[in-house]
Amino acid sequence: MTQRNNIQTGENPDISRPLNFIHQIIEDDNASGKFNKRIHTRFPPEPNGYLHIGHAKSICLNFGTAEKYNGLCNLRFDDTNPIKEEDEYVNSIIEDIKWLGFDWGDRLYFASDYFDKMYEYAVDLIKKGKAYVCDLTAEEIRQTRGSLTEAGQESPYRNRPIEENLDLFERMRKGEFSDGSRTLRAKIDMTSPNLNMRDPVMYRILHASHHRTGDKWCIYPMYDWAHGLEDSIEKITHSICTLEFEDHRPLYDWFLNELGVYHPQQIEFARLNLTYTIMSKRKLLELVQGKYVNGWDDPRMPTISGMRRRGYTPAAIRNFADRIGVAKRESTIDVALLEFSVREDLNKIAPRFMGVMNPLKVVIDNYPENQAEELEAINNPEDESTGIRKIPFSKVIYIEKTDFMEDPPKKFFRLAPGREVRLRYAYFVTCTDVVKNESGEVVELHCTYDPATWGGDSPDGRKVRGTIHWVSAKHAIPAKVHLYDRLFTVPNPSGDKEGCDYKEFINSESLKVLTNCPVEPNLSDAKPGLQFQFERLGYFCIDPDTTNDNLVINRTVTLRDTWAKIANRR
RNA sequence: UGGGGUGUCGUCCAAUGGCAGGACAUACGGCUCUGGACCGUAGGAUUGGGGUUCGAAUCCCUACACCCCAGCCA
């Protein structure tokens with residue numbers, strides 16, 4: 001019997017949920033002793049692209065399940081197709097999984113390590129009369145496979161004598177035949193309603209160089225043949241994969257049963273879909289190759305490397321994976337949940353700074369010309385241990401253009417002519433004059449300050465409605481800021497409108513580059529990777545392109561902005 | 001059309017024959033030197049139709065909808 005388990009799990013004690021269906025299966029197996037209470041999973045990427053947030057779900061599931069049940073999880077590259085696979089991808093995948101915080105010990109495996117063993121097993125199957133060499137071309141195989149409603153026809157080579165099969169298969173391996181001229185097929189049932197069981201191809205001839213085995217092989221195993229063997233060899237208990245492999249499970253089971261070898265349990269779950277993005281490796285590759293984005297680690301990409309560069313934390317991604325759950329029904333997660341997860345984590349750990357995206361010059365008329373003073377600011381109100389820092393203040397400052405309105409609507413609490421607001425950690429200031437250029441655009445403000453409000457508190461107890469951020473003009477350092485937004489303009493770019501290519505929905509405003517943004521001087525020695533909050537704006541990080549005299553900052557995600565909601569309503 | 005799967009708030013996930021609950025999102029309020037964070041409140045769902053049962057999201061029948069499968073890709 002399955003037991004309910006409401007004990008808190010995972011790294012975030014706030015997140016506690018009942019068992020997902022896979023963990024229920026595992027606990028049932030543990031109860032029945034199916035695998036002697038042993039739990040061994042694996043994450044089996046094909047090294048033909050970079051990992052994305054969908055893979056992160058699978059990684060968290062497989063490694064997380066092993067952690068939860070004191071089991072093991074292997075990292076195994078499923079490199080059975082030399083045409084698509086490269087070492088660059090192997091390296092990036094290793095880096096990404098490590099960064100997420102998972103560890104596979106010394107259990108780093110490659111399907112290609114098992115090619116010899118797989119070949120032996122194939123010979124076994126031939127000897128048992130369960131596999132044969134087929135001379136049909138790809139086209140002929142397709143034509144004789146039948147259809148969804150019609151049975152297939154048996155290959156004329158299906159009943160070849162075992163000896164002949166053995167001989168031909170060995171000659172396939174030796175390279176005597178050309179690409180595509182022959183295959184090794186399992187002899188199952190051409191009338192099966194499950195197309196996967198209609199004598200599936202086990203080996204194809206491919207005179208291609210493999211990223212690890214070089215030119216040793218010219219025949220390569222197909223997924224269905226290889227994958228169960230990989231799992232079996234590694235003594236995996238629960239082989240977790242996505243829904244589209246459900247139809248393949250009878251074949252997975254058939255191979256292992258015919259061979260009479262150790263037999264893991266395949267379990268399928270629904271892959272992750274996210275609004276406003278795409279998850280298809282093929283399409284992601286197209287975005288990279290077509291230069292729609294600046295590489296796999298472009299911060300707009302849903303790749304792990306892109307999200308890392310964007311400023312996401314491993315904890316945010318892992319918490320997200322915990323929150324979305326695991327089930328069999330196809331679903332699309334609202335990207336707002338991902339954004340919530342990263343804000344939640346960054347709110348706790350990100351130091352605060354001030355920076356201005358769209359500067360408006362403000363002269364404080366009654367502030368002494370050459371004076372400058374240092375004011376104290378709290379580094380992180382969520383974490384007292386991070387202490388305080390000093391920020392310089394002087395007569396001329398920059399504020400955000402959007403923090404001033406000449407003719408403000410009712411609920412606008414920021415600066416306006418005659419109105420007093422607080423400059424965060426500094427003084428109360430009142431706007432006394434507005435300077436415009438010829439076209440009527442506000443280019444400069446004049447204010448007076450109240451010296452008694454030093455530090456931002458009013459001794460007479462008077463209140464102001466707004467507090468705005470600022471940077472001293474004289475002390476500011478310039479930064480280049482990348483404002484990232486969603487890559488697509490519609491929630492489901494891949495399938496929203498019939499006949500539309502997803503690329504038509506690329507958000508032309510997904511990247512805005514701002515130059516010479518004044519930011520507080522405390523950021524002058526910030527190192528790439530630093531994650532922080534610009535107060536009132538959002539979470540940001542230092543981009544790796546940053547050099548000594550060129551500070552490059554990426555926006556991870558904005559803060560929740562209730563004013564924007566009010567403003568958008570009208 | 002054959003086979004395999006899936007249908008619960010706007011979106012995800014739970015409820016394992018016994019009060020349909022949580023998270024995000026949304027709306028409103030409180031608090032605040034970030035219109036942030038935090039706290040509180042509210043609205044909001046069992047695909048339809050039959051049946052079994054004291055009692056059904058859950059079991060049975062039936063209809064419907066959606067997803068996957070006809071690569072020598074994984």
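Naming convention: chains lettered A, B, ... in sequence-line order (proteins, then strands); numbering from 1 in each chain. A quick note: this is a predicted structure, and the numbers were derived from the prediction, not measured.
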- Message: Taking only the P atom of each, what is the distance from A63(B) to G4(B) in whole angstrom?
- Response: 16 Å
- From the candidates A23(B), C72(B), U34(B), the one with an atom nearest any side-chain atom of Ala138(A) is C72(B)
- So, is Lys328(A) near the phosphate of C67(B), with a side-chain N or O under 4.0 Å from OP1 or OP2? no
- Note on the structure: RNA chain B nearest-nucleotide lookup for Gly180(A) and Arg422(A): closer to the 5′ end is Arg422(A)
- When both distances are under 3.5 Å in a Watson-Crick or G-U wobble arrangement, the nucleotide paired with U41(B) is A27(B)
- Message: Taking side-chain hydrogen bond (donor to acceptor under 3.5 Å, both in side chains) as the criterion, tell me which of Arg352(A), Arg536(A), Glu520(A) meets it with His469(A).
- Response: Arg536(A)
- Message: Please report the distance, rounded to the nearest Å, between CG in Asp78(A) and P in A74(B).
- Response: 7 Å
- Note on the structure: Which of A25(B), C13(B), U34(B) is nearest the side chain of Ala336(A)? It is A25(B)
- Does Asp403(A) reach the main-chain N or O of Ile399(A) with its side chain, forming a donor-acceptor pair under 3.5 Å? no
- Nucleotide nearest Thr183(A) when distance is taken to its side chain, options C72(B), U34(B), A74(B): C72(B)
- So, is Arg329(A) near the phosphate of C13(B), with a side-chain N or O under 4.0 Å from OP1 or OP2? yes
- Query: So, is Arg145(A) close to the G71(B) phosphate, meaning a side-chain N or O under 4.0 Å from OP1 or OP2?
  - Reply: yes
- Message: Given 3.5 Å as the limit, does a donor-acceptor pair link the side chain of Arg198(A) with the main chain of Ser192(A), or not?
- Response: yes
- Query: Quick one: which of G4(B), A70(B), G36(B) gets closest to the side chain of Leu195(A)?
  - Reply: A70(B)
- Measure from the ring centre of Tyr223(A) to the centre of the six-membered ring in the base of A74(B), then say whether that distance is under 5.5 Å and the planes meet at under 30°. no
- Query: So does Glu420(A) pair up with Arg465(A), basic N to acidic O under 4.0 Å?
  - Reply: no
- Glu246(A) has an atom CD; how far is it from atom P of C68(B), in whole Å? 13 Å
- Would you mind pulling out the nucleotide paired to G2(B), Watson-Crick or G-U wobble, both distances under 3.5 Å? C69(B)
- Item | Listed nucleotide nearest any side-chain atom of Asp247(A), set A70(B), G3(B), G35(B) | G3(B)
- Could you tell me which nucleotide pairs with C64(B) by Watson-Crick or G-U wobble geometry, both distances under 3.5 Å, or answer none if nothing does? G7(B)
- Out of U34(B), A74(B), C12(B), whichever nucleotide has its closest atom nearest the side chain of Phe245(A): A74(B)
- OP1 or OP2 of C73(B) sitting under 4.0 Å from any side-chain N/O of Thr80(A)? no
- Task: Look at the side chain of Glu139(A) against the base of G71(B) and say whether a donor-acceptor pair falls under 3.5 Å; ignore hydrogens and angles.
- Result: no
- Query: Just checking, any donor-acceptor pair under 3.5 angstrom between side chains of Thr430(A) and Arg419(A)?
  - Reply: no
- Query: Which listed nucleotide (C68(B), C24(B), U1(B)) is nearest to the side chain of Leu337(A)?
  - Reply: C24(B)
- Item | Opposite nucleotide pairing with G21(B), Watson-Crick or G-U, both atom distances under 3.5 Å | C13(B)
- Task: Would you mind telling me which of A74(B), A70(B), A14(B) lies closest to the side-chain atoms of Ser147(A)?
- Result: A70(B)
- On a plain distance test, is the side chain of Arg536(A) in donor-acceptor contact with the base of G35(B) below 3.5 Å? no
- Message: Counting only side-chain nitrogens and oxygens, does Arg343(A) get under 4.0 Å of the OP1 or OP2 atom of U34(B)?
- Response: no
- Note on the structure: Testing G36(B), C12(B), C72(B) for proximity to the side chain of Ile324(A), the answer is C12(B)
- Query: Picking from U34(B), C73(B), G35(B), which would you name as closest to the side chain of Ile566(A)?
  - Reply: G35(B)
- Who does G35(B) pair with, Watson-Crick or G-U, both distances under 3.5 Å? none
- Query: Between Phe412(A) and Asn194(A), which is nearer to the 5' end of RNA chain B once each is assigned its nearest nucleotide?
  - Reply: Asn194(A)
- Query: Would you call Arg42(A) and Glu234(A) a salt bridge, taking side-chain N to carboxylate O under 4.0 Å as the test?
  - Reply: no
- Message: Tell me whether the count of non-hydrogen atoms from other residues, nucleotides or ligands lying under 6.0 Å of CZ in Phe269(A) goes above 12.
- Response: yes
